[in-house]
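Notes follow the structure.
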Amino acid sequence: MAPRTLRDPSSSHTIGFSSSTLFDPTSSPQQPPSSPPAATSTTSATPNSLDLHCLPPIFVIPAHLDSDAQDEVEEELAASHAPLTYSVHEARLFVGLVRSKKRAALELRTRGLWTEEVVREDKSVQEEVKEKVSRGREGGSEPPRKRVKVDGGVAKEDVETASETEVETASEASETESESAPSDHVPAESTIEPSKGNAEAQYAVDGSSVQLQPHPKSPAEDPPGALQFQDHLRVISLDWLRDSLKAGRVMSVGKYVVYECRAIEKPTAPQRQQTLIPRQQIQKVIPARKAQIAAQHPQSQRQQQPSSSQQILDRARADAGEGPRVNQRYHPRRTGLALDVKKPRSQLLQQTTTPEDASPTNADSGPLPPPPDWVAQHVKYACERSTPADTPNAAFVEQLKRIRLARELRDDDIGVRAYSTSIAAVAAYPHEIRAAREVLRLPGCSEKIATLWREFSGSEDGTVAEAREVDDDETLRTLRLFYNIWGVGAKAARHFSLDKGWKDLDDAVEFGWGQLSRVQQIGVKFYDEFAERIPRSETEHIVQVVREHARRVCPVDPDGIEILIVGGYRRGAETSGDVDVIVSHRKLDATMNLVEDIVAALEQSGYITHTLTLSLQGTSRGQATLPFRSSNGAGLGFDTLDKALVVWQDPEWPGKASAAETNAKNPNIHRRVDIIVSPWRTVGCAALGWSGGTTFQRDVRRYAQAVKGWKFDSSGIRDRRTGKVVDLEGPDGVGRGEGIVDAEKKVFEGLGLVYREPWERCTG
DNA sequence: TCGACGTCGCATTAGT
DNA sequence: ACTAATGCGA
DNA sequence: GTCGA
């Protein structure tokens, strides 16, 4: 922003707060330019007519002030002998270009000073009593607290003390901070806990002006109001200084107060209120909340054990009949039985768990179900076994997933991997787990997981404490809110929440919009819509549109366009988070530049509203560079896939025609759509790479590396040592009469893997 | 006991 | 201005 | 957090 210096003709002082013009006119009495001249010297170093030495410690909030402007403000204050401080904790008064309470609180928070608002108003006795009562409600989610009036003599504790003693109520308060509408709070209980010493300055406005009068600040002489005033922190508009300078006298702070508050302790500590995930806050800027909360707690509708014992038996039988043999071919049987191998660990666990083992839930007295072959043989790659979506241990898996989410939010990617492995193993286990010993046999599951299982199986509600944290812990809830924005990962979520102190999307929109990357802005904009699940029918429709457009931009051989829907849809999910579709064509030329063309066409016809990213590394490298790509080892190599990650909205809706006049908006929900273009040569790899759950996909790579020494990625396979391309699909891909799925099967085969149907790849 | 744990391209930021 | 490092989604 | 060198 261009600093504009505003010179006040009536004063020789330069008031260079560059953004004075931004001042909210309503918050500052407009002073006519003809106000009394203060006529003093021209340099700001020279003392002006103000005497501010009796002010409480004052802090200049630099927000929206360029350094020059900030200097000037500080100069003025210094020249007036104001007790300038640079410590937020020391300061009692804050001046700055701040116009809203929320912003003020954020500015302080950003500097490490957490506050809760103190509302002072002239309220009827009745109201006050009402509030006294409601104030005592259980500690958790109180609105900004109103102070009960206390004998002024007691009220001499400083802010630090006060805040320390009130930690418990502090943390939640900020959540409702800006909504200073406590009126509809129904008093639940009436434990009135007299607040220590921070008496409400009933006549605060008066108090503040008194305080500013030049009588020396001797505590003994301070009127009660002034003393109470010290408890409070106030953020006042810079207008106050400007007007004071203009007027040549110290204006009363009263009408310039933007935000009045008390310091509280930083509410990072885990909250102990776990049963209620209460409030939906009113959404102002973004109509997000309801959908968001619904989307975040879909599981809170209890999930019942999805497996009858009959099912288990069926499954056990099926598994015994099918899976194992084939695997054995590639994994020559090992000599030891699982039990032998794991024995030491089992014992260790049993030793610690003996008491529980007696309990009915995990009585392990009976023989355990025979372990599936992959368990017995310690087959550890998810791509080597069948993982259907419905597992008899869904409830436990769900707990593990929550813990994994907590690890993600804490930016512990190692933990994330570890839990992903465990989850994949448990999810693949075809029996309902009955004993901790069973858990220990699973690859990737050891003592920690077994311990969790014991907690899980012994609990009333089938949950574990660590998993509940994701919902209960305030910090994690906020992190998750940001993490769910497309384009925001663990790092950014933590930055927003922890460093910037944002608490919700409104904060991001109001205060951080400019700091968001382009895609993050899009992610915020469509926060709710992206959280909505996409039914299969809609996926099919979207893909149909993609197909038509692909045909349209491929005039030479439109019938050659081949399409496979991948992602969750292919795994059989009823709904998906996004649409993933692979587009290919047997003719190499046809896939060249195809993404760009498809995207352009879809933009043209109004389906694509935004393009998040466009990867053109592969085919569209341009005809010119094509020959050079062959330099890397084998043949005409396209290393990577072209892909487009876009935002999709169907431009057609029922009332559209008549809507033209009414200015109605397109009501169709925005969707995330990934369009992947693969050359035919590697379309099998693409299908394999885009169809599995994350863990399945990762394990394909690990497997290829460990077992074959290959490097797998969705655009092909090459030998790690030689760097040469491994052609599992044939030099030109599968031939006539064979399709994408056939190509995929060849890749499985070439890797030495049994083909897994897409719905067997639900590794979570 | 200690290192590995999938891999890539794009976008943005940090560093020179 | 350039390259290197980081964050991100898949 | 688990596995394996």
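So that the names make sense, note that chain A is the first sequence line, chain B the second, and so on, each numbered from 1. What's counted below: heavy atoms across the whole structure, side chains too, no hydrogens, waters or symmetry copies. Please read these numbers as outputs of a predicted model, since none were measured by experiment.
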Quiz item: Partners of A:W648 by ring-ring contact (aromatic ring centres under 6.0 Å, His included), sequence neighbours excluded?
Solution: A:Y607
Self-check item: Short side-chain N/O contact to B:dG6 OP1/OP2 from A:R417, under 4.0 Å
Solution: yes
Self-check item: d(CZ, A:R702; C1', D:dG4) in whole Å
Solution: 12 Å
Self-check item: Partner set under side-chain hydrogen bond (donor to acceptor under 3.5 Å, both in side chains) for A:Q521, not counting sequence neighbours
Solution: none
Exercise. Taking the six-membered ring for Trp and the full ring for Phe, Tyr or His, determine whether the centres of A:W486 and A:F530 are under 6.0 Å apart.
Key: no
Exercise. Whole angstrom is fine here: how far is it from CG in A:D713 over to P in B:dC10?
Key: 13 Å
Quiz item: Once each nucleotide of nucleotides 5-10 of chain C is scored for protein heavy atoms under 4.0 Å, what B/S/- sequence comes out, 5' to 3'?
Solution: --SSSS
Exercise. Measure from OH on A:Y381 to P on D:dT2 and round the result to the nearest Å.
Key: 17 Å
Exercise. Find the distance A:L688:CG to B:dG6:C1' and express it as a whole number of Å.
Key: 13 Å
Practice problem: Specify the separation, in whole Å, of atom NE2 of A:H610 and atom P of B:dA11. | Solution: 16 Å
Quiz item: Taking atom P of D:dG1 as reference, at what distance in whole Å does atom CZ of A:R410 sit?
Solution: 11 Å
Quiz item: Pick the nucleotide of DNA chain B nearest each of A:K711 and A:Q705; which residue has the one closer to the 5' end?
Solution: A:Q705
Quiz item: How are the rings of A:F456 and A:F396 set relative to one another: parallel (under 30°), tilted (30 to 60°) or perpendicular (over 60°)?
Solution: tilted
Quiz item: NA contact type, A:I449, heavy-atom cut-off 4.0 Å: base, sugar-phosphate, or nothing?
Solution: sugar-phosphate
Quiz prompt | Proximity to the side chain of A:R698 - top-ranked nucleotide from B:dT12, B:dG6, D:dG1 | solution = B:dG6
Quiz prompt | Sequence-distant partners of A:T110, side-chain hydrogen bond (donor to acceptor under 3.5 Å, both in side chains), two or more places apart | solution = none
Self-check item: From D:dG4, D:dG1, B:dC10, nucleotide with atom closest to A:K380 side chain
Solution: D:dG4
Quiz item: What's the closest nucleotide to the A:R701 side chain, out of B:dT12, B:dC10, B:dG6?
Solution: B:dG6
Self-check item: Pairwise P distance for D:dG1 and B:dC8, with rounding to whole Å
Solution: 29 Å
Quiz item: OH of A:Y419 versus C1' of D:dC3: gap in Å, rounded?
Solution: 16 Å
Quiz prompt | 5'-most by nearest nucleotide on DNA chain B - A:L614 or A:F712 | solution = A:F712
Quiz item: Which residues pass the side-chain hydrogen bond (donor to acceptor under 3.5 Å, both in side chains) test with A:K708, sequence neighbours left out?
Solution: none
Quiz prompt | A:D719: partners by side-chain hydrogen bond (donor to acceptor under 3.5 Å, both in side chains), with sequence neighbours left out | solution = none
Quiz prompt | Inter-nucleotide P distance (C:dA10, B:dC5), Å rounded | solution = 23 Å
Quiz item: Tell me: CG of A:D413 to P of D:dG1, nearest whole Å?
Solution: 14 Å
